[in-house]
**Student:** 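Before anything else, here's the structure in question.
Just follow the structure's listing: the first ligand is 1, and inside any ligand the first atom is 1. Hydrogens, waters and symmetry mates are skipped; everything else that's a heavy atom, side chains included, is used.
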Amino acid sequence: MTYATDRMVGNCCNFEQMTDLPRALREWLAGEMALYVPPVLASQEAPGGETRKDLLEMADGAQVEVVLLRYGTRRSVCVSTQVGCACGCLFCATGQMGFVRDLSAGEIVLQVVHVQRALAAQGERLSNVVLMGMGEPLLNADATLAAVRRMVDPRGLGLPARRITLSTVGIVPGIARLAEEDVGIGLAVSLHAATDAVRERLVPINRRYPLDTLFAALREYTERTQRRVMVEWLVLDGVNDGPEQARVLVDRLNGLPVHVNLIRLNPTGGYEGIPASSEAMEAFARVLDRAGIPHTMRQRRGGAIQAGCGQLWVERCSG
Ligand code: SAH
Ligand code: SF4
C-alpha cells in the first residue's frame, strides 16, 4: 500500500488528481479516507531563512507548530507530537501551556510532508527529522512510533531511520519500548540536571522516573541497540551550571555511550530563569572534556523567531 501522505508530496492533494491510480481505486479511497492539507495560520522566518516556523491548523482546529531548520547542507524538520504537554517543565513554553491533546500518526507525518513540500518548492530536500517540537513523544508513543514507521517505510516517506531523532524528557517505559522495538532512530534525553533534587525542580516528571531509574533504562537501551544517546542539558544560571553538577553528571555517565549537548535557554514569559554565562558554560564543558565525554555547546536554534518548544502557539493564544 502507498501512504496518502507520500502522494501529497508531489503537489497532489486529492485522490481524484492521482491519475496514475485506477479510477475505481481513486473513488474507493475518496470514500474511505480524507486527505488533509493543513492551513498555515502563522509563519515566521528568521533573517537569512535559516529557520522557519509554521503554525498549522488541524482538522479540529488544534494548532500545531512545525519548524524547518537549515544548517549547512542539512535540512531538518522539528515535529510536534502533542498539542501542549502534561509534563510541565518550568522553562518550557509548551509545558507552561498544559496538555491539550495527542496528535495522531497522520498528524505527525503531515508536518514532515508540509516541510518536504515547502523545501521541494525551492529545489531542496529534507535530510533530518527531530521529534522535538511540542509535546512528549513517549507519552504518545503509539502514534509517534506509527508515524516513525511511516517515515522510514520505503512505501511511505522513505527517510533513513538514522536521520530521525526522538527527544524525551525521560519516560522510562517508553525508553524500554524503544529499546525493544528498535526502530533504528536516534534517542535524545532532556536531562538538565544530575541530582534528583535539582532535576525535580526543573522537570517535575523526575518524581515519577527518578535518575537511578532513568539511567538504568538508558543503560539497557544502549546495550540493546548499541547506539549512543544524546544528553540534552539546558545550562541555567545558578541552577545547574556549577562544577558540582558537572562532576555528578560525569559520574552518572560513566561508561555510557553518550554525546552531551549544552544548550542555551530561549527565554519564555513564564520562567524567570536566565541562561548561564559563557564562562560558566565553558567551565562546565571543561569538566566534561577532562572526563573524555564528547560534547557540543549550542544555542537552541530558532531563538531569533521563538522557535523553542511551543512558543509560537503561546504567543498567538495569549495575545
Ligand atoms: N518533550 C520532549 C521533546 C520536546 S522538548 C523533551 O522534553 O525532550 C525539546 C527540547 O527543547 C527539550 O530538550 C527541552 O528541554 C528543550 N526546551 C524546552 N524549552 C526550552 C527553552 N525555553 N529553551 C531551550 N530549550 C528548551
Ligand atoms: Fe513537555 Fe518536553 Fe516541554 Fe518538558 S520540555 S514540558 S517534556 S515538551
**Student:** How about T296 and N261: does a side-chain donor come under 3.5 Å of a side-chain acceptor?
**Tutor:** yes
**Student:** May I ask you to list the atoms of ligand 1 that are less than 4.0 angstrom from any heavy atom of T168?
**Tutor:** 6 (C), 8 (O)
**Student:** Using a strict cut-off of less than 4.0 Å between a Lys/Arg side-chain nitrogen and an Asp/Glu carboxylate oxygen, indicate whether R177 and E180 qualify as a salt bridge.
**Tutor:** no
**Student:** Hey, does E136 come in under 3.5 Å of ligand 1, counting only N/O atoms on both sides?
**Tutor:** yes
**Student:** Below the 3.5 angstrom mark, is there an N/O of E232, backbone or side chain, next to an N/O of ligand 1?
**Tutor:** no
**Student:** Considering the heavy atoms of F91, write down every atom of ligand 1 situated less than 4.0 Å from one of them.
**Tutor:** 15 (O), 18 (C), 19 (N), 20 (C), 21 (C), 22 (N)
**Student:** With heavy-atom distances below 4.0 Å as the criterion, list the atoms of ligand 2 near G135.
**Tutor:** 8 (S)
**Student:** With a 4.0 Å cut-off on heavy atoms, is A93 touching ligand 1?
**Tutor:** no
**Student:** Check the angle between the aromatic planes of Y271 and F91 and answer parallel, tilted or perpendicular using the 30° and 60° thresholds.
**Tutor:** perpendicular
**Student:** Show which atoms of ligand 1 fall inside a sub-4.0 Å distance from at least one heavy-atom site of T268.
**Tutor:** 22 (N)
**Student:** Check contact between S190 and ligand 2, using heavy atoms of the residue and a distance below 4.0 angstrom.
**Tutor:** no
**Student:** Run the numbers for me: atoms of ligand 2, each under 4.0 Å from some heavy atom of V169, listed by number.
**Tutor:** 7 (S)
**Student:** For the residue pair T51 and E45, confirm or rule out a side-chain donor-acceptor distance under 3.5 Å.
**Tutor:** no
**Student:** Evaluating non-hydrogen atoms only, which member of G135, G170, S167 is closest to atom 1 (N) of ligand 1?
**Tutor:** G135
**Student:** Please list, in number order, the atoms of ligand 2 under 4.0 Å from a heavy atom of G95.
**Tutor:** 6 (S)
**Student:** List the residues meeting side-chain contact (heavy atoms from CB on, under 4.5 Å) with A161, not counting sequence neighbours, and say none if there are none.
**Tutor:** V152, I185
**Student:** So, is C87 placed with an N/O/S atom under 2.8 Å from atom 1 (Fe) of ligand 2, counting both backbone and side chain?
**Tutor:** no
**Student:** Would one find more than 12 heavy atoms of other residues, nucleotides or ligands at under 6.0 Å from atom CZ of R101?
**Tutor:** yes
**Student:** Can you find a non-hydrogen atom of G133 under 4.0 Å from ligand 1?
**Tutor:** yes
**Student:** Would you please indicate yes or no on a ring centroid separation below 6.0 angstrom for F284 and W233?
**Tutor:** yes
**Student:** So is there a nitrogen or oxygen of M132 less than 3.5 Å from a nitrogen or oxygen in ligand 1?
**Tutor:** no
**Student:** With no hydrogens and no angle check, just 3.5 Å: does a side-chain donor-acceptor pair link T81 and N140?
**Tutor:** no
**Student:** Does at least one non-hydrogen atom of M134 fall below 4.0 angstrom from an atom of ligand 1?
**Tutor:** no
**Student:** Decide whether D54 and H114 meet the rule of one side-chain donor and one side-chain acceptor closer than 3.5 Å.
**Tutor:** yes
**Student:** Record the part of C89 in heavy-atom contact with ligand 2 below 4.0 Å; permitted values are side chain, backbone, both and neither.
**Tutor:** both
**Student:** Which ligand 1 atoms, with their elements, are less than 4.0 angstrom from a heavy-atom of H192?
**Tutor:** 15 (O)
**Student:** Please identify each residue that fulfils side-chain contact (heavy atoms from CB on, under 4.5 Å) with E27, with sequence neighbours left out.
**Tutor:** R23
**Student:** With heavy-atom distances below 4.0 Å as the criterion, list the atoms of ligand 1 near N266.
**Tutor:** 21 (C), 22 (N), 23 (N), 24 (C)
**Student:** I would like to know whether R70 and E124 meet salt bridge (charged side-chain N to carboxylate O under 4.0 Å, His left out); could you show each step before the answer?
**Tutor:** CA-CA 10 Å; R70 289 188 169 93; E124 296 181 303; 2.7 Å; yes
